[in-house]
Amino acid sequence: MEALVASAVAVLTACGVYLVLRRRTFPVILGLSLLSYAVNVFLFATGRLVQNMPPILSKYADATYTDPLPQALVLTAIVISFGMTALVVMIALGAFLSSDTDRINTTDTPESGDNA
Amino acid sequence: MSHLIILPIVLPAILAPFMLMVVRHHLDLQRIFSVAGTMAFLGIAIALTAQASTGDIHVYELGNWSAPFGIVLVLDRLSGLMVLLTAILALAVLLYSIGTDWDKRGHHFHPLFQFQLMGVAGAFLTGDAFNLFVFFEVLLIASYGLMIHGGGAKRLRAGLQYVVYNLLGSTLFLFALGTIYAVTGTLNMADLAERVAALPADDTALIRVGAILLLLVFSIKAAVLPLHFWLPGSYANAPGPVAALFAIMTKVGAYSILRMYTLVFGPDLALSSSLVGEWLLPAALLTLAVGMIGTLGTRDISRLAAFSAIGSMGTLLVAISMFTPLATGAAIYYIVHSTLATALIFLIADMVVERQGPAITPTVPMAQSGLISVLFFIAAIAMAGMPPLSGFLGKIMVLQAAANTPQQTLIWSVILVFSLVAMVGLARAGTMVFWKTPDGYEPPEPSDDADEPEDAVLSARVSRLPFVAAFGLVAMLVAMTIFAGPALTYAEATAEQLFDSEPYRDAVLRKDAQ
Amino acid sequence: MTLLRKLFPHPVLSVLLTVVWLLLVNRFSINSLLFGALMGVIIPFIIRPYWPNMLRMRHPLKIAEFCLVVLWDIVVANVVVAKLIVFRRNKDLKPAWVTVPLDLRSPEAITVLAGTITLTPGTVSSDMSSEGHAILVHCLNAPDPDAVRDEIKSRYERRLKEIFE
Amino acid sequence: MSLVLIALLPFLGAILPPLLIRAGRNAAAWSAGGTTLLALVGLLTHAPEVMRGEVLTARIEWVPALGLNMNFFLDGLGLLFAGLILGIGLLIILYARFYLSREDPMGQFYAYLLMFQGAMVGIVLSDNILLLLVFWELTSLSSFLLIGFWKHLPEGRQGARMALTVTGLGGLSMIAGLLILGQIAGSYDLSVILTQKDAIQASPYYLVALILILIGAFTKSAQFPFHFWLPHAMAAPTPVSAYLHSATMVKAGLFLMARLWPVLAGTPEWFYIVATTGLVTMVVGAKIALFKDDLKALLAFSTVSHLGLITMLLGFGTKIAAVTAVFHIINHATFKAALFMSAGIVDHETGTRDIKRLGGLRKLMPITFAMVTLASLSMAGIPPLNGFLSKEMMLEEAAHTVWWHSHYLLPALVVLGALFSAAYSFRLIAHTFLGPQRNDYPAHPHDPGPGLWLSPAILVSLVVLIGLFSKAIAGPIVAVASQAVIGDAELPYYSLKIWHGFTPALYMSAFATVAGLFLLWQHKPLERLWNALPRPEAKTIFEALIAMLVRASERLTNALHDGSLTRYAGIFVVFVFGMASYAYFTGNAPAHIKPLGDLGPLAVMGWVCLVVSASCVVLYHRNRLLALVIIGVTGLMVSLTFNYFSAPDLALTQISVEVVTIILLLLALNFMPKDTPIDSTKAQRVRDVVISIIAGVGVGGLLYAVLLGDFSQPSISEYHLANSYKGGGGTNVVNVILVDFRGFDTFGEIIVLGIAAVVIFALTESVLASNVRARLLNREPDQPIAGDAHPMMMVVATRVMMPIALLVGVYIFLRGHNLPGGGFIAGLVVATAFVMQYMASGFAWASARQTFPYHGIIGGGVLIAAATGMGAWFNDLPFLTSAFGYVYLPGLEKFELATAALFDLGVFLAVFGAIMLALESFARYAWQPGIESEHPMDINPERDDPKVSEGEA
Amino acid sequence: MEQVYEILIVFFLVVSGVFGLVGSFGLVKLPDPMSRLHAPTKATTLGVGGVLLASMLHSVLIEGRLSLHELLITLFLFLTAPITAHFIAKAHIHRHVKSEELPKPGGDHDWASLDQSDNTAP
Amino acid sequence: MIDIAIHFTFGCFGAALLMNLWKILRASGVGDRVLALDTMVINVIAMIVLYGMWFKSEIIFESALIISMLGFVSTVAYTRFMLRGNIIE
């Protein structure tokens with residue numbers, strides 16, 4: 001199970017990084033989204049992976065619960081990364097509309113074609 | 001119970017939404033509120049610093065949950081000083097922005113400005129690692145907004161890079177926090193310190209990774225090579241006053257390094273001791289070199305300011321990376337100097353850019369060039385670390401702190417050689433901007449002395465507020481110089497407090513009460 | 001009337017919301033009922049600007065009848081479609097487009113009809129004509145398109161017309 | 001007068017001229033002169049004590065922790081130099097008043113001059129080497145301003161920069177040298193250091209410190225090979241040259257060598273470095289001076305040469321040489337200042353300084369002629385002028401100095417220098433004033449008024465008087481100054497007189513004079529030869545060097561910071577990976593003992609979906625819409641993962657955020673290209689793949705290590721689990737953590753969201769205020785657009801869905817404290833409900849029915865959260881302390897009221913407002929005139945049917 | 001009695017599983033996009049409906065508590081499934097179907113998706 | 001017995017999910033993929049409910065509810081994008 005989660009996070013990270021390394025804004029934003037998935041799962045997983053032990057206190061049973069703290073942290077992280085994503089989308093859009101290019105590298109002039 | 005500690009966070013956090021709700025269509029009112037708020041912020045910061053200067057550590061337990069279970073704010077000498085520095089800088093920058101009407105060029109400058117203050121103050125005051133992340137994000141997102149304030153294609157593209165790079169940094173922050181939490185099971189810094197110290201010696205690999213990742217995160221903020229790439233583009237393209245305000249942002253990184261790597265991963269901790277300084281020092285030296293080289297190798301005055309900021313950070317980080325009380329004292333002194341000087345040079349760069357464009361080859365004659373050239377001269381002296389201003393004293397402090405260390409020769413030669421490079425670069429830029437007559441332009445008046453009457457006419461037309469702000473910063477630099485003795489005493493006391501982390505931990509974890 | 005109308009713009013919706021609340025809470029209690037009813041009043045009031053016209057529905061029995069018919073048809077439809085999917089070769093399928101002219105005029109009624117069409121045997125309501133007087137229906141397997149149209153009109157539209165108009 | 005005051009007086013005085021210039025040029029000059037005079041008088045009041053051999057001190061603590069204090073002391077050397085600086089300064093101020101033209105900003109000039117003067121006085125009075133460094137660098141800076149004073153001249157700028165660069169270089173190396181010296185001595189106070197000769201010379205760092213300090217001194221005093229900046233500093237106005245290059249700036253290096261002579265001199269290293277440098281400088285400088293046509297350049301190189309001479313004397317390391325050096329410092333200051341000022345007069349009156357264009361001025365400018373002649377002859381070493389005296393002593397000293405194992409080499413070279421020196425001095429007289437009168441001077445030359453010639457005249461009279469009555473005038477000061485130089489040792493025997501008898505020095509001197517005359521006679525052919533010889537022009541080399549440096553910096557800077565985020569990010573990833581691996585593999589990782597979880601088929605299936613979809617996002621990222629669809633799958637799977645591992649709150653949040661994000665991205669994508677072209681080469685893609693695999697491996701490996709680790713310390717969350725109900729009043733621990741234990745995080749988090757929305761709004765405003773708006777209005781859609789903008793079915797479905805969704809939102813909000821949910825998710829759900837409405841009926845229609853401004857909702861949310869937090873203050877509890885209680889109403893079950901719920905309401909509002917403001921901003925881009933529709937749906941048969949619509953109305 | 005309950009629940013579960021599978025299988029198997037639209041809208045909806053019913057029965061009969069909130073999800077699905085199908089069909093018509101391939105819309109001008117008359121965009 | 005049935009149903013929906021995934025990756029047009037995604041969402045809801053049955057837990061029910069609501073919204077958004085380009089106009 002641990003290997004599964006770790007490898008999934010690894011794939012998410014790798015895909016995210018690859019997209020972040022693209023030269024256009026849109027894939028970069030997608031890459032950042034994938035990265036934020038990866039980091040959320042990562043952070044979450046540091047609280048250990050257990051099934052059916054949600055940290056909802058039960059009045060009746062003396063149950064065991066998973067670690068709630070990473071969940072709270074991930075929640076905060078999700079929200080923050082949502083805000084950031086929204087903002088970066090808007091900046092990308094603004095930059096594209098103002099400069100007529102969605103290249104992310106300022107080195108790449110619109111004419112430079114496929115060698116960027 | 002004194003609620004003073006939380007005020008630097010709560011005050012702007014209330015002021016900004018209030019402005020958004022009530023006065024978002026009235027710039028004048030916003031200005032009044034913003035200035036009043038910032039002044040109050042300054043007052044609070046002074047009170048806090050006074051409180052902290054006794055050497056006591058004040059802890060504020062949010063939600064009345066005791067550490068490490070809730071979040072605490074901790075006021076010690078360093079955090080008090082940093083908040084005070086923020087307040088001073090903020091006031092100057094705010095006055096400048098109002099005086100130059102920069103706040104008119106886009107929406108919501110003042111709320112964002114207040115939010116930025118809140119984020120910075122929170123980052124300085126918090127005693128919780130994850131809360132630090134949250135405040136990093138607050139100050140970052142506010143900075144994104146301020147950076148692209150006013151819009152424009154170039155600024156937006158630079159802003160995009162800035163945001164994306166910092167988002168990567170934020171991601172890394174979470175990876176680091178996750179790792180650290182997994183190993184230690186806590187987020188409170190004082191508690192972390194206890195737990196990290198108690199870790200078994202045969203299980204250090206992961207906490208080391210956590211420590212280094214965290215260091216890298218802070219290094220991004222502090223613009224350490226090779227994680228500094230976000231800085232030149234964004235600072236050079238940000239509105240001038242915003243770039244000046246950002247002078248404190250790099251210091252947040254420096255502050256965090258100081259805090260974390262004296263408190264949690266202290267220099268006498270075996271598992272991380274070889275890790276931090278060993279890498280940070282060469283990186284800091286490289287940062288210094290690249291920054292100073294940049295001042296020589298750029299034709300754009302804003303970029304010049306940006307690179308000098310990098311160079312200044314390099315010097316600061318050299319001091320930090322030695323992790324001795326002496327060096328840290330120097331670093332703390334230098335933090336204050338560097339913030340003020342960097343802000344000053346960005347303000348002046350903005351004055352120049354506003355009058356004749358960003359290139360250092362002049363195109364049109366500049367209004368008030370006399371006054372501006374004086375300011376530039378002062379700022380350049382400060383940035384290059386020339387006497388008599390505090391930069392020189394700071395440099396000497398760093399050099400002295402490096403004496404008798406194994407890397408003395410390296411540190412000394414890098415600092416001194418690149419001071420020269422910076423000096424040449426700044427002199428080159430200054431002479432070209434202020435002394436060279438624009439090609440094909442015949443000055444109607446050969447004199448552009450600040451004291452000439454035509455300048456009086458000009459300054460009546462142009463607001464004096466920007467100059468008040470700039471000269472305010474100069475005055476602070478001069479004060480830093482004249483009162484260098486007491487300042488250094490405070491800095492060294494601060495450094496001692498940092499390296500003696502026992503009281504901090506006791507105060508936060510309320511050991512005395514137990 | 002107008003005041004009542006203002007306070008309870010959509011009585012049916014209010015009832016629906018109360019029921020939904022009880023379902024959400026998944027437990028019957030006085031508290032829940034009261035709160036549900038409260039919500040049933042407040043929420044329609046809040047969204048009133050977004051639902052300007054009043055919905056009129058009559059003949060509760062007919063509604064029930066219609067629902068039962070549809071539910072039964074859904075079950076049947078699924079078996080039929082499942083058989084088609086699993087046992088029929090693709091080339092033996094005879095898909096077809098069918099135009100169903102409408103007698104209904106109320107948007108709510110038309111929507112219910114369209115939804116019903118989609119949920120029932122082998123038909124998907126795909127589009128509406130530009131003035132809203134016909135629905136375009138796609139049939140998965142319709143050797144006789146006209147029969148499909150007639151069945152829709154007789155089986156569903158008739159009942160809906162009684163309910164809504 | 002306190003020494004501190006003397007040192008600071010010029011700085012204080014520097015403020016006056018710029019202020020007083022409005023009252024006229026005289027006022028400015030008076031204020032400058034008055035300040036200087038005051039300082040000079042102050043200094044002279046101490047003269048008697050110093051002459052008695054006392055050392056005066058003044059101490060003020062500045063930065064004691066640094067060893068930097070305002071410690072001043074005044075001994076003979078200090079008195080001599082301070083006297084020269086202030087005295088000549090006074091003359092220069094007078095001279096400058098008449099020299100500068102009406103266009104020159106005189107206020108600035110005097111300010112700079114006084115600053116410079118103060119710095120110089122500071123250097124010579126400092127008893128603290130760090131303080132000395134401060135003043136030292138200040139001289140570099142103020143001289144930079146002075147040299148570049150005529151900023152419109154490119155030579156001025158270049159000269160100033162060059163001076164600053166070279167002297168700055170020296171200053172920086174001196175910082176290092178002096179710091180080492182201070183560390184060896186254990187104090188930065190000169191008076192202490194000067195007593196530590198043995199310790200210093202025995203230290204292994206002696207040589208390093210010596211070289212570093214000497215670099216400082218040599219650059220300042222224009223010693224070979226750093227001599228080239230000085231002639232180019234001549235672009236400055238003449239008063240500046242006269243001041244800087246006779247008595248002050250260039251003498252600072254000599255002063256330092258003299259000052260540290262007691263501790264540094266006397267070793268072979270000292271002798272060879274200093275004496276050799278001095279010798280070479282003397283000869284080279286003199287030789288170049290002979291062939292300079294510019295009066296000031298000639299004088300500049302002669303200065304270089306004389307500075308070399310003094311350096312060489314100091315380098316000899318003998319006491320008598322030191323005395324000679326001190327004496328020559330005085331003499332050089334007098335005649336050189338006079339010469340510079342006279343040259344300035346010539347320039348001022350004739351309009352040129354080019355010797356080739358002058359000649360025959362003897363009759364036209366008799367006063368000037370007299371002054372120049374006397375001073376030049378002194379410079380050439382002709383008796384009975386003062387130059388002769390010190391030169392004689394120097395030759396005498398040189399005659400018996402062994403250098404490089406040879407008795408003759410050094411005297412020979414010294415004579416060569418003296419010979420050139422005589423030659424250029426004669427040439428200065430002959431080619432400027434003698435010869436036939438010309439009629440092609442640029443101006444009509446005549447002697448100036450006394451304001452200009454008074455200063456040089458005073459100096460020239462000194463030249464003569466010292467020559468004649470050396471013992472009486474210069475004797476005492478030379479004695480005390482020399483005593484200060486040589487330290488505690490006894491003053492050697494020397495006599496300041498013209499006639500010493502037939503000594504070797506006299507022969508050498510005579511030979512030099514005669515040969516000098518010969519050279520003057522043969523000047524023309526020699527000049528041809530000189531011009532024919534290739535010689536490296538130091539300025540060109542320097543400029544080329546700087547230009548190279550600039551180019552290299554530029555290339556490096558631009559190459560490093562080329563604006564390629566791709567590269568930055570790649571470096572980031574690789575670097576982080578490298579550092580983390582290093583940290584991991586140098587630490588100890590124990591054998592892991594934690595039992596592993598089971599591998600269910602469900603998990604494997606989820607894994608497959610997640611991995612495949614993530615990979616396909618990459619694979620299909622060129623088709624942007626497709627990538628968005630697939631990333632939806634990824635988000636769904638991540639949400640499912642959270643559910644699977646007992647995190648319902650996260651699952652809810654994740655899926656809601658996911659949907660809103662996709663909507664945002666779709667809104668943005670509408671205006672962006674729908675496809676991503678290939679714009680990376682195959683090699684780049686391979687590289688990127690490698691980098692991303694590195695990142696993946698790193699993160700995956702880290703997580704795997706974390707998950708396998710069995711860590712000894714319990715998490716703090718055990719406390720949260722235990723206290724959530726008791727102390728927080730909720731059973732959903734995650735929510736209690738969010739709104740209570742760590743409510744402050746949440747407070748920050750909603751602020752982040754609020755800021756994001758506000759920034760998005762602000763950005764929209766500024767983009768739409770630019771020319772983008774026009775482009776958007778004329779935009780051709782890049783894909784065909786279907787009809788039916790607001791489809792009926794959607795509208796009707798929304799009418800039912802929206803209230804239900806709102807209800808669900810309320811439900812989620814209310815249960816959050818005890819069960820999964822909470823303000824944040826509720827905010828998202830409610831926002832989604834509104835988004836549905838926007839999608840169904842259009843932005844214009846829906847927002848027309850929106851009564852609350854979203855700004856206000858965000859602000860209100862944050863304020864409610866903050867107010868809830870502050871409520872605790874009234875109970876004297878910290879910010880965000882929560883309270884809760886159970887309320888019993890008759891007939892009802894108990895229900896809970898908690899301040900946390902109020903806080904959560906703030907969260908809800910902020911989230912809702914933020915999302916809506918962001919969406920609204922995005923939607924504004926698409927605004928076109930005329931898209932407002934009065935109807936919620938486009939197709940409505942009821943509306944068109946007259947019968948029914950009547951009934952409806 | 002327990003046994004009967006269980007059989008009932010198992011029946012619903014198995015049936016819904018089969019329908020769910022068939023729905024997705026149809027998505028893969030059927031030849032043209034419009035036909036594919038039929039499979040998920042019906043079979044899958046019913047599949048989920050079965051599971052929800054089973055869940056309700058399970059909680060009532062086995063766990064012994066009344067739980068009807070699964071009805072809500074069913075309600076949602078029945079409400080939304082036609083709309084999504086409708087929209088996907090519209091999108092398909094818009095992108096891939098020409099006006100001539102469709103039957104006439106009676107007296108009206110054209111089918112709404114293909115009707116360009118109200119597009120104000122230039 | 002119920003457990004076996006639950007697992008059987010899990011298997012069915014799992015297979016369905018994989019088929020949906022396949023369709024998302026290999027389809028002729030975006031419309032088909034949106035359809036597949038929509039189906040996937042519905043299948044996921046079924047799986048969540050099954051999961052709840054399996055663990056006799058009510059806690060994740062809301063996930064299913066919210067997913068059913070939001071899945072609809074996102075599908076509509078995708079199709080609106082395909083139809084009109086602008087999803088909020």
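Side-chain atoms are counted along with the backbone in the values below, which use heavy atoms only and exclude waters and symmetry mates. Note on naming: letters A, B, ... go to the chains in the order of the sequence lines (proteins, then strands), and numbering restarts at 1 for each one.
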Using side-chain heavy atoms (C-beta onward) and a distance below 4.5 Å, is [X] in contact with [Y]?
X: Thr101(A); Y: Arg157(B); result: yes
X: Tyr162(B); Y: Leu231(B); result: no
X: Phe173(B); Y: Leu132(B); result: yes

Check each atom of [X] against the heavy atoms of chain B and say whether the ones under 4.5 Å are side chain, backbone, both or neither.
X: Val74(A); result: neither
X: Leu73(A); result: both
X: Val88(A); result: both

How long is the straight-line distance from [atom2] of [Y] back to [atom1] of [X], given to the nearest 0.5 Å?
X: Glu2(A); Y: Leu4(A); atom1: CD; atom2: CG; value: 9.5 Å
X: Ser81(A); Y: Leu87(A); atom1: OG; atom2: CG; value: 12.5 Å
X: Tyr235(B); Y: Arg303(B); atom1: OH; atom2: CZ; value: 14.5 Å
X: Leu199(B); Y: Glu194(B); atom1: CG; atom2: CD; value: 12.0 Å
X: His110(B); Y: Phe115(B); atom1: NE2; atom2: CZ; value: 14.0 Å

- Looking at Tyr18(A), does the NZ or CZ of Arg22(A) lie under 6.0 angstrom from its six-membered ring centre and within 45 degrees of the ring axis? yes
- Select all residues of residues 29-37 of chain A having any heavy atom within less than 4.5 Å of some heavy atom of chain B, and report them by number, or 'none'. Leu32(A), Leu35(A)
- Note on the structure: Per-residue tally against chain B (heavy atom, under 4.5 Å) across Thr46(A), Val28(A), Thr25(A) peaks at Thr46(A)
- May I ask you to name which of Val20(A), Val17(A), Asn40(A), Leu69(A) has the most heavy-atom pairs under 4.5 Å with chain B? Leu69(A)
Option that, when pairs with chain A are counted at under 4.5 Å, heavy atom only, ranks first among [options]:
options: Gly151(B), Ala153(B), Gly152(B), Gly185(B); value: Ala153(B)
options: Val164(B), Val183(B), Ile148(B); value: Val164(B)
options: Leu174(B), Val138(B), Val163(B); value: Leu174(B)

What part of [X] gets within 4.5 angstrom of chain A, counting heavy atoms only: side chain, backbone, both, or neither?
X: Phe175(B); answer: both
X: Ile141(B); answer: both
X: Gln161(B); answer: side chain
X: Ser170(B); answer: neither
X: Leu172(B); answer: neither

- Query: What do you reckon, are the aromatic ring centroids of Phe136(B) and Phe133(B) less than 6.0 Å apart?
  - Reply: no
- More than 12 heavy atoms of other residues, nucleotides or ligands under 6.0 Å from CZ of Arg299(B): is that the case? no
- Message: Donor-acceptor check, side chain of Arg23(A) to backbone of Leu21(A), threshold 3.5 angstrom: yes or no?
- Response: yes
